[in-house]
Amino acid sequence: MTAGPAVAGQVRRKLRLGVVATAVTSVLALLCCVGGAGAFLLTELGGDEDDPKLAALNCDPTYQVNLTGDMPRFAEYGERQLRNAAVIIKVGQDMKLPARGWVIALATAMQESALRNLANSTVPASLALPHEGVGADHDSLGLFQQRPGWGSVEQRMTPSYAARKFYQKMEKVPDWQQRPLTVVAQKVQVSAYPDAYAKHEELAGAIVDALAGKAVCDAAAGDRIAASGWTAPLPGGVVSGFRTTARPSHHGVDLAASKGTPIHAASAGRVLVARCDPDRSGRRDCDRDGWPNKGGCGWFVDILHAGGFITRYCHMVERPRVVPGQAVEAGEVIGISGSSGNSSGPHLHFEVHKNGDRSSNGAENPVPFMRKRGAPLGETG
């Protein structure tokens, strides 16, 4: 897993956007032995009216990329490559595209050219133009390795033109903001290696964040998707925290929600579990309200996301709207909030797990996790 290096100098990063995607199938193989029915009894999940409400960070998306100023330092790329990245971002800003688009474009160029404006040994005219390396992939040119159908040799060797053409085609991909980065990039590029873009997502987010100053933070909720590809599952604030002194085995957070509030997938992924969790007595009676100390998560859903992250959504009022194995988009409605299982009243219990570990050992605090991804819990957009 590639981690974005520290940004030097005056650049301060509020967010470290993006997640590195890994093959879903490999993580599913890891989960095969722990994901069956009855593998979990999810307790300590009820609302706690005594916990203070935790405030979410607000985000400032007003900054513009600077093409001529000092570049931040990244071990993977030099100054010239980062200036090409700045051009890609600037074109996206000029087109008034959301920051998610900048991350997708940047990750694509990272895979295609390592952010170098490449000439081609089979296209002699390209060698006479300014370039930062020579490739030999068919007749592909430039940052995005675009072929003749994308424009003339001179146009494809112009970074701003190449970026604009990428964005124009990206915008034609249905639901591009909600879909996995690798899917959108492949729809545009039609690459022989469609899964290769995913490994650049986290670093692309970090570079976008650094070059755009404090931007790249879309206070995401519902149908709004942050640059990272994540969104808050619902707009309610946090009313019970992660592993508090009073509830040390509370491995997620409770979000305020009245009964019947739509619950959204926090990011694109694949459903691992969608079922009624048994209570302490082994009952699966999730079609009624639960009570404190009943035990169990009620109707709940687990979703596997890129990078091996798993999100969990508990206490739904009815059977989830998704089934195991189903691919879901970021922001897609997966169920309705309620109070089934171990619950003292309607709310959403929300968990985040890392390394494909659905147990309590893999749980991490969802509040900072979601803040880092531009989708702070409690933001209504």
Side-chain angles (χ1 to χ4, degrees), residues 19 21-43 45 175 178-183 195 198 225 229-234 251-252 255 257 261-279 282-288 290 295-343 348-364 366 369:
V19 291
T22 56
V24 168
T25 52
S26 65
V27 182
L28 287 175
L30 174 67
L31 297 171
C32 69
C33 301
V34 297
F40 292 94
L41 175 61
L42 305 171
T43 58
L45 300 179
D175 300 323
Q178 287 77 28
R179 302 178 77 175
L181 180 150
T182 190
V183 171
D195 297 325
I225 310 301
W230 288 74
T231 187
L234 47 71
H251 304 303
L255 303 178
T261 302
I263 299 170
H264 302 265
S267 186
R270 187 170 301 279
V271 177
L272 297 177
V273 177
R275 61 174 171 82
C276 175
D277 192 43
D279 65 14
R283 294 175 301 222
R284 298 178 184 270
D285 55 350
C286 296
D287 286 325
R288 61 170 177 165
C297 204
W299 287 116
F300 82 105
V301 171
D302 281 2
I303 300 176
L304 173 65
H305 308 282
F309 294 109
I310 295 172
T311 52
R312 176 171 293 156
Y313 314 77
C314 295
H315 306 313
M316 295 180 182
V317 72
E318 61 189 17
R319 182 181 296 276
R321 297 187 179 183
V322 293
V323 297
Q326 178 179 336
V328 294
E329 297 180 353
E332 182 173 338
V333 175
I334 59 171
I336 302 297
S337 66
S339 190
S340 58
N342 193 81
S343 174
L348 170 66
H349 176 85
F350 178 63
E351 294 184 13
V352 173
H353 294 247
K354 58 187 176 182
N355 301 324
D357 186 351
R358 293 175 59 222
S359 75
S360 60
N361 292 329
E364 64 175 284
F369 179 91

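All residue numbers in this chain count up from 1 along the given sequence.
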Indicate yes or no: at least one non-hydrogen side-chain atom of L272 is less than 4.5 angstrom from one of I310.
yes
Where the side chain of R321 meets the backbone of G335, is there a donor-acceptor pair that is under 3.5 Å apart?
no
Rounded to the nearest 0.5 Å, the OH atom of Y313 sits from the OG atom of S337 at a distance of 14.0 Å
pair Q326-E332: side-chain heavy atoms closer than 4.5 Å
yes
Note, E351 side chain near E364 side chain (heavy atom, < 4.5 Å)
no
Pairwise side-chain contact, R275 with R284, heavy-atom cut-off 4.5 Å (strictly under):
yes
Of all the heavy-atom pairs spanning V322 and A274, show the shortest one and how long it is.
O-CB, 3.4 Å
Here the pair of heavy atoms bringing R312 nearest to R358 is NH2-O, 3.1 Å
Assess the side chains of T231 and H264: does a donor N or O sit below 3.5 Å from an acceptor N or O?
no
Pairing donors with acceptors under 3.5 angstrom, does anything connect the side chains of W299 and D277?
no
State, to 0.1 Å, how close C286 and S340 come at their nearest heavy-atom pair, and which atoms those are.
O-CB, 3.4 Å
Please lay out, stage by stage, how M316 and I263 fare under the test side chain to side chain contact (heavy atoms under 4.5 Å, CB included).
CA-CA 9 Å; M316 295 180 182; I263 299 170; 3.9 Å; yes
With sequence neighbours excluded, what pairs up with R283 under the side-chain contact (heavy atoms from CB on, under 4.5 Å) test?
D279, S281, D285, W291
Give the C-alpha distance, both sets of side-chain angles, the deciding distance and a yes or no for side chain to side chain contact (heavy atoms under 4.5 Å, CB included) between Q178 and I225.
CA-CA 7 Å; Q178 287 77 28; I225 310 301; 3.6 Å; yes
Closest approach of T311 to A266 (non-hydrogen atoms, all atoms of both residues):
CG2-CB, 4.4 Å
Specify the closest pair of heavy atoms between A265 and E329, including all atoms of both residues, with the distance to one decimal.
CB-O, 3.6 Å
For H349 and H315, take the angle between the two ring planes, folded into 0 to 90°, and tell me which bin it lands in: parallel under 30, tilted 30 to 60, perpendicular over 60.
perpendicular
Quick check against the 3.5 Å criterion: does S267 have a side-chain atom that pairs as donor or acceptor with the backbone of A330?
no
Give me the ring orientation class for W230 and F309: parallel if the planes are under 30° apart, tilted from 30 to 60°, perpendicular past 60°.
perpendicular
What distance do L348 atom CG and C314 atom SG have between them, rounded to the nearest 0.5 Å?
7.5 Å
Derivation and outcome, side chain to side chain contact (heavy atoms under 4.5 Å, CB included), residues V328 and V271:
CA-CA 7 Å; V328 294; V271 177; 3.9 Å; yes
Chi angles and distances behind the side chain to side chain contact (heavy atoms under 4.5 Å, CB included) call for V301, I303:
CA-CA 7 Å; V301 171; I303 300 176; 3.7 Å; yes
List the atom of L234, the atom of A257, and the distance in Å for their closest heavy-atom pair.
CD2-CB, 3.7 Å
When you measure from the side chain of D357 to the backbone of S359, do you find a donor-acceptor pair of N or O atoms at a distance under 3.5 Å?
yes
Run the side-chain contact (heavy atoms from CB on, under 4.5 Å) test against S339 and tell me which residues pass, sequence neighbours left out.
D289, S343, P346
Does I334 reach the side chain of P320, with side-chain heavy atoms less than 4.5 Å apart?
no
